[in-house]
Asker: 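To start, I am sharing the structure in question, which I have written as structure tokens.
Protein chains get the first letters and strands the later ones, always in sequence-line order, with residue 1 at the start of each. These numbers come from a predicted model, not from an experiment.
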Amino acid sequence: MPAPTNISFAAATELTFPCDVTQDVHDAGTNYDVYYKFTAPAGSRVVGIWVFSTIAETYRGRPLIYDSSENLYYTNVNNINKPFYIPVTEGNLYYIFIEKNGDTSPAEIRIRCEVAPNTAIQEGDIFVNDDGIDTAGAPVMPMVVLPPTTNNIIRRYVNNIAEGEGGDILLSGIMALENWLDDTIKIYNVNSDFSLVGSVAAANGPAIRACRGAATPKFYVGFGIGAAAQVKSLLANATFGATIWTPTVAALNVIRGIAASNDETILYYAEGNQNKAVARWDLNTDSALSDLVAGIASTYIFDILVLDDDSIIVIYETDATRDVNVRRYNSAGVLQNTYALGANAFVNFAPARLAYANDDPTSFWVMDHQTTSVQRFRNVRVSDGVIISTMTQGSFRAGAYNGAESATPAVRFGPSVSCPFMIMPGTPTPAEPGLHFFTASGDEHIPNPFVRTALLGD
Amino acid sequence: MLRDHAPIVIEEFNGLYKRGDADNCPLDHFTDCENVVFQPGGVKTRTPIAPYLTGETILGNALRIYNYQMQTQDSLLVLVEGGSIYHVTNQTTVQGPILTIATMTDFAFVAIAGRAYISPFTTSSSVSKGIEDEFLYVYKGDGTPARKAAGPGPISATALAATPGVAGFSDLGLHLFAVVYETDTGYLTALGPLTAVTGGDTRFAEATSVDETQGYTISNIPVSSDSYVTKRHIVATKAIDSAVYNGDQDGYQFFFVPEGNIDNNIDTTKVVSFYDIDLIEDASHLIDNFFEIPAGILLTTYNGRLVMGGEFDNISLVRLSAPGEPEAIDQVDGLIIIPLDGDPVTNAQAFREALYIYKKTRTFGTIDNQGLPSSWILTPIDNGIGCDVHGISQILDSGGVNADYLIIAGWAGIFLFNGTYLRPEGSYKIATYWLALDRNNFQKIQIANDTINQIIYMTLPNGLILFGDYSEAISPMGIKWGLFRFEFKIITLTFTNTNILVLGTNNEAQDPSPVA
């Protein structure tokens, strides 16, 4: 084979989307770094790229992305031989620089590129933004939108969205997200193509939870460390409420799980370390109340929900085995249900998370990891813990597929491995009237299965 | 375990108990339960539901569904708001609408020989009657629209003619000739032709044979303008004494002429030959048949006869067809009058050898004496218990007879019926709940019986489903009752393909759950 000629920016080989090209980068005992270029297609927000060398070969080409000014745009040590995605601006020029890892032969690369799907968001879709980890060398990674019941398929990506671990959404479609990069909380209007409503400062945390039952729906956010920890209400117009609450938080600790009662009289919260109680704080008097429930040994709390029926959902994850148990309490702290959900495949400290379902209080959602490369979204029925639906996606870290190298990866696009997740709100679409039948695979909601005996009385 | 307290072990869960105060509820029963089913030693959440249709068609709010057993497969007839009936042949195929009557809010149905007979009715002020100026329809199951059952006899502007002289054979003397249409459902119309002139009399042909070696040429045979007429038959009298014949064609007995069939709706002439002794099959009974059968609220079969009743103008009348001829209903003799009390008949069901006829709070019985229905003896069975239009359990296709009883839902409760109503009633354990149901809407109760799993299901006036699991015992104390609630009201239900329970749903607002 003659030596490659695309060995500089100027000589980069043009790619058009979708592409599937191969190249032998070896000649006369030398492997060459090679350059490709592409113009982001019209309408594209995110593109997927996969540079692959046969696994049996020693050669591995490491792809790096440069912008049109030949400045480094994207690098990720985890994207070698694996699919990855990057946000782009349509019409802009980008370079793919494929760096060699030595001069072994054979040294063949196969480059496949495609535009990420871009279909309309639907009620019930799942939002997962990026956690912002591995920010060095990466642009702001996009949020993904997933259909709730279809595996390994994405709806679209949303660019220029805050990256972080905290976030929630109001029923109106107002979304609040921690922005790790500048210690703020960004407010977006999902129904206005994610237009930025505003931004507020909130360092060290924050934990964010929608109070959907409030007379004026809002978020409650907890941020700050130890004695400096604060809780504020955050309105849909990106302004804090006037009151600052100062719940008791241990030194060096932060508020991790947070949720206000629907009547906004009590704040339920849990600190970030293990063995922590679900504490209660009086929002009227800014004073401590007795704990809702005591802490559980060797167990973390990452999220709390207050359902529309005022019951409290708490997600527990054990330290060593990562067993996930969700517990539901009434407002008196009496355990109502325990949902044992199995182990969360511990992925780079990516805990299992909670989200409100659109049929609250009939169900809620849990996100965790089925394996280190498969993310799992489960809709859990409150009354009996039945898993109404399970959806899985391949996990990505800073845009790169988090699974093992493979000639046939399961996915080309997917969610970030660690992050909050939210459900696109809306009234559950009522089933079309007409004809229905009983089937084990049916997904129509079963309203409140229950029995009541004479022992309990009326 | 608390000291000095004896444990109470509950090993079985025997369903809902709503009889008197909650304190009366036995420990192994529930004062309330919804959306659970029973299993040995336990109870669990019921199976979820899903849309039955998987194709593009959305039918809308269902008002009534029936399982329609065609000769080739099971299917469904579905009435939706707006008065249209659709034929659902499988989960992806919907034919129709096969019939649309804007005022139709319910319909009666029975399948005979693979054809569906449909009678539209409506309910006003809790009284169900056939729709005024509407009729019984027949649907062949092939997707073509349903048509009125029966049909008019021949009409022609030109008189039928019968001319002797063609080679053949005949008995000497005067004979009258007429024509009968046959429809694609086998119905034989009244004799004709009637003239097309308003007020015209029947004009049968007259012909006199003078030569025993000659037959007759029948001409000007009317051709029907209705495409469902597929055949015509020549009918004739035996020889009439011409000395007494005065031209009045009424009162003579007609017979089907052997080989007098015309297997099309095209030909206008036919040559026939016959001796009077060959005239055996009577055709006169066709004269008094309805050519349009008034709509009613009940349809069933009994001893090969179609049974219908509850017409708009005759609410206490039950009509029966000739045996083997579901559309041949005699206006004069094919009826039974149920005692008049201001309430309409609501239901009818063949059981063992008898036909039982119901009003809301009364039950009657009658037995075929092989004579005309008008001669059958009607016997009161119960003057306090009856049922409404859909309140008798059905199994697929055969209409209600299961083991040795019927299951009947009436104001007084759910009863087992084996010729008499068995006491205590099957709804004994839920009597308080049952008696609190809205009696003005008992026409909304439709029962279906799953004989494989031994569960009966019924829609309730409140839009819930009541089910009774009798897998352990079909007795008032052994049956396990429960309720199903959905996100919409259930208006109607039926089984298809043996034990697939199909629900007809309606998105009216649902009453709140007791634990909402």
Asker: Under the rule for side-chain hydrogen bond (donor to acceptor under 3.5 Å, both in side chains), what residues qualify as partners of Arg376(A), not counting sequence neighbours?
Answerer: Asp368(A)
Asker: For Arg155(A), run the side chain to side chain donor-acceptor pair (under 3.5 Å) check against Thr119(A), Thr150(A), Asp125(A) and tell me which one passes.
Answerer: Asp125(A)
Asker: Please classify the contact of Leu76(B) with chain A as side chain, backbone, both or neither, using a heavy-atom distance under 4.5 Å.
Answerer: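 Looking at Leu76(B), just its side chain touches chain A.
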Asker: So for Ile500(B), is it side chain, backbone, both, or neither that comes closer than 4.5 Å to the heavy atoms of chain A?
Answerer: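 The side chain, not the backbone.
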Asker: Checking heavy atoms, do the side chain of Val36(B), its backbone, both or neither come under 4.5 Å from chain A?
Answerer: side chain
Asker: Are Ile266(A) and Leu289(A) close enough that some pair of their side-chain heavy atoms sits under 4.5 Å apart?
Answerer: yes
Asker: Which bit of Phe484(B) comes within less than 4.5 Å of chain A, counting heavy atoms only: side chain, backbone, both or neither?
Answerer: side chain
Asker: What closest approach, in Å, do Asn497(B) and Asp74(B) show between heavy atoms, and which atom pair accounts for it?
Answerer: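 Closest pair (atom of Asn497(B), atom of Asp74(B), distance): N-OD2, 2.7 Å.
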Asker: Partners of Asp360(A) by side-chain contact (heavy atoms from CB on, under 4.5 Å), sequence neighbours excluded?
Answerer: Leu307(A), Asp308(A), Tyr356(A)
Asker: Leu493(B) versus chain A, heavy atoms under 4.5 Å apart: side chain, backbone, both or neither?
Answerer: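 For Leu493(B), neither part sits under 4.5 Å from chain A.
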